[in-house]
Amino acid sequence: MRLLPSFSAGLAWALLSVVLGMELSLQESLLLKSLGLSTRPSPKTPVPVPSVLWRIFQKRKTLPSTNKDLADGCRVEEFNVPGNIIRVFTDQGHFIHNGQPQRLLCLQKRLYFNLSVLEESERLTMAQLEIKFSQNSYHASSQGQVFELRLYQTFQMSLRGMSSHEHGRELLVEQSFAQLHKSLLFNLSGVAKGWRTQSRNLGLILEISVSGGDDAAAPRTGRLQSLCTSIDSFVDTSLLVVTLSPQQCKASRRRRSAHYTPVTPSNLCKPRRLYISFSDVGWENWIIAPQGYMANYCLGECPFPLTAELNSTNHAILQTMVHSLDPEGTPQPCCVPVRLSPISILYYDNNDNVVLRHYEDMVVDECGCR
């Protein structure tokens, strides 16, 4: 049976589309893996971007190009720690409703942060817990009542009917406040490192209570209860984690060690403008910012004789000489990137956490013959 030409062409295009689709899918998977993602994220209920990540992103975005070359992509200057990945983990814990006879307990909550998304090669350099309230502060009574905050690390799960105050927890933080501020910060770097090495992350327990002050011997429950109601403005907790991916830092150091002069003639090897829009590749629903960036690419001739302006290696110069003698047997050197710069990307990961990651070698700054 003989196929009609139009049918044959249609079948050929269909097969080509399938092959191209598979190749694109493979390329996307490889790129996502390099970004630390198992699959393309699809956030169901996107959380607001934490203000601290916006500030860091905007600061890096507005740096002059000269400062970007000098900036250390392996260090988060805002926290003065090594790192090129910043994640904010949302709390996945729940409230606990247990009585406490020795003092009036306003709030008791189990906190849990899933750090399993961190890659084994990443080195955790900082973990900061933030406890948020919807108001700046709460007025304390003149009778001496104060808020008491206690944070415990959990070592065993509480069984049904067993009080969370029984065995299996260690006091990490104990602090008294005449006023509770809108945002309280605590350094939990040691605890977070332990969660990774021991593979035993049962979370934390947060307690906020009101102490009776001078009336502690005979507390006035009504007055203390009225102070306790102000804790209703409790919003949420989150854990900011900074990690360092060593592979990207090695690339960064190699890139900064070289400096070249850009090429000007239009027909010679040099960078060409290329803007990549994340919406064009279907990534706009999980990449928060930027919406796209100027990636550029290299194109142009590497003719004989090669000049210093073409950023050529000694090997490329010799290859060009041999090509001029034997054009059929030896190809010309290729026009390739010789200096690249990084960008920072804000996005949702596969667990709907907000991540700010510093990616090396994303923008072609200069090209050369290799």
Side-chain angles (χ1 to χ4, degrees), residues 36 47 50 52-53 56 75-76 78-96 98 100 105-133 147-159 162-177 180-209 231 234-246 349-357:
V47 298
V52 61
L53 295 190
I56 296 174
R75 190 168 190 85
V76 181
E78 290 77 7
F79 302 119
N80 195 29
V81 295
N84 47 21
I85 307 172
I86 310 175
R87 295 179 176 90
V88 174
F89 294 91
T90 56
D91 176 27
Q92 300 179 18
H94 58 274
F95 285 95
I96 305 171
N98 286 329
Q100 190 173 12
L105 186 62
C106 300
L107 178 147
Q108 188 179 43
K109 190 177 189 302
R110 184 177 296 279
L111 311 180
Y112 181 77
F113 305 98
N114 184 6
L115 304 188
S116 63
V117 297
L118 271 62
E119 302 171 24
E120 291 186 6
S121 60
E122 294 180 42
R123 178 164 66 91
L124 192 151
T125 59
M126 191 186 104
Q128 179 176 268
L129 176 71
E130 182 174 12
I131 303 173
K132 297 179 184 177
F133 298 88
F147 294 101
E148 295 181 351
L149 182 147
R150 290 174 175 82
L151 186 67
Y152 301 88
Q153 182 176 4
T154 307
F155 293 110
Q156 72 180 56
M157 295 295 294
S158 298
L159 301 177
M162 183 179 77
S163 171
S164 62
H165 301 283
E166 297 179 20
H167 312 289
R169 68 180 192 174
E170 175 189 359
L171 181 64
L172 297 174
V173 177
E174 184 173 21
Q175 197 164 345
S176 298
F177 299 90
L180 277 177
H181 299 278
K182 187 173 182 180
S183 184
L184 303 175
L185 303 176
F186 301 97
N187 188 341
L188 296 184
S189 300
V191 175
K193 291 177 182 177
W195 286 341
R196 296 192 71 196
T197 57
Q198 300 169 9
S199 300
R200 185 69 171 168
N201 177 9
L202 297 179
L204 310 165
I205 292 178
L206 170 67
E207 293 181 355
I208 299 179
S209 58
I231 304 297
F234 171 83
V235 178
D236 62 17
T237 56
S238 60
L239 187 70
L240 185 146
V241 175
V242 179
T243 59
L244 178 68
S245 178
D349 67 9
N350 297 119
N351 291 329
D352 292 358
N353 299 309
V354 180
V355 182
L356 174 59
R357 189 160 183 167

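The analysis underlying the following values was restricted to heavy atoms, covering all of them including side chains, and did not include hydrogens, waters or symmetry mates. Note that this is a predicted model, so its numbers are computed, not measured.
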Output the distance between atom [atom1] ([X]) and atom [atom2] ([Y]), rounded to the nearest 0.5 Å.
X: H94; Y: R110; atom1: NE2; atom2: CZ; result: 5.0 Å
X: L202; Y: L111; atom1: CG; atom2: CG; result: 13.0 Å
X: S209; Y: L107; atom1: OG; atom2: CG; result: 10.0 Å
X: L188; Y: L172; atom1: CG; atom2: CG; result: 6.5 Å
X: E207; Y: E174; atom1: CD; atom2: CD; result: 10.0 Å
X: F147; Y: S176; atom1: CZ; atom2: OG; result: 11.5 Å

Using the salt bridge (charged side-chain N to carboxylate O under 4.0 Å, His left out) criterion, which residues pair with D349? Sequence neighbours excluded.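 Counting only residues at least two positions away or on another chain, D349 forms no salt bridge (charged side-chain N to carboxylate O under 4.0 Å, His left out).
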Quick one: list whatever passes salt bridge (charged side-chain N to carboxylate O under 4.0 Å, His left out) with E122, sequence neighbours left out.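 If we apply the salt bridge (charged side-chain N to carboxylate O under 4.0 Å, His left out) test to E122, skipping adjacent residues, the hits are R87.
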Taking the side chain as every heavy atom from C-beta outward, state whether [X] and [Y] have any atom pair closer than 4.5 Å.
X: L240; Y: E130; result: no
X: L53; Y: I86; result: yes
X: V117; Y: F89; result: yes
X: Y152; Y: L204; result: no
X: T243; Y: T125; result: no
X: F79; Y: I56; result: yes

For [X], what residues pass the side chain to side chain contact (heavy atoms under 4.5 Å, CB included) criterion, not counting sequence neighbours?
X: D236; value: K132
X: V173; value: L149, L151, Q175, F186
X: N187; value: S189
X: E120; value: none

Short question: side chain of D91, backbone of G93 - any donor-acceptor pair under 3.5 Å?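 Confirmed, D91 side chain pairs with G93 backbone.
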Residue from L115, V88, N114 passing side chain to side chain contact (heavy atoms under 4.5 Å, CB included) with L239: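 With L239 as partner, L115, V88, N114 yield a single side chain to side chain contact (heavy atoms under 4.5 Å, CB included), made by L115.
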Considering all heavy atoms of both residues, which atom of [X] and which atom of [Y] are nearest to each other, and what is their separation?
X: T90; Y: N353; value: N-OD1, 3.6 Å
X: R196; Y: L124; value: NH1-N, 3.8 Å
X: Y112; Y: N201; value: CE1-O, 3.1 Å
X: S121; Y: P246; value: O-CD, 3.4 Å
X: P82; Y: L244; value: CB-CD2, 4.2 Å
X: V76; Y: G83; value: CG2-O, 3.6 Å

R75 and N80 side chains, donor-acceptor separation under 3.5 Å: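 There is such a pair between these side chains.
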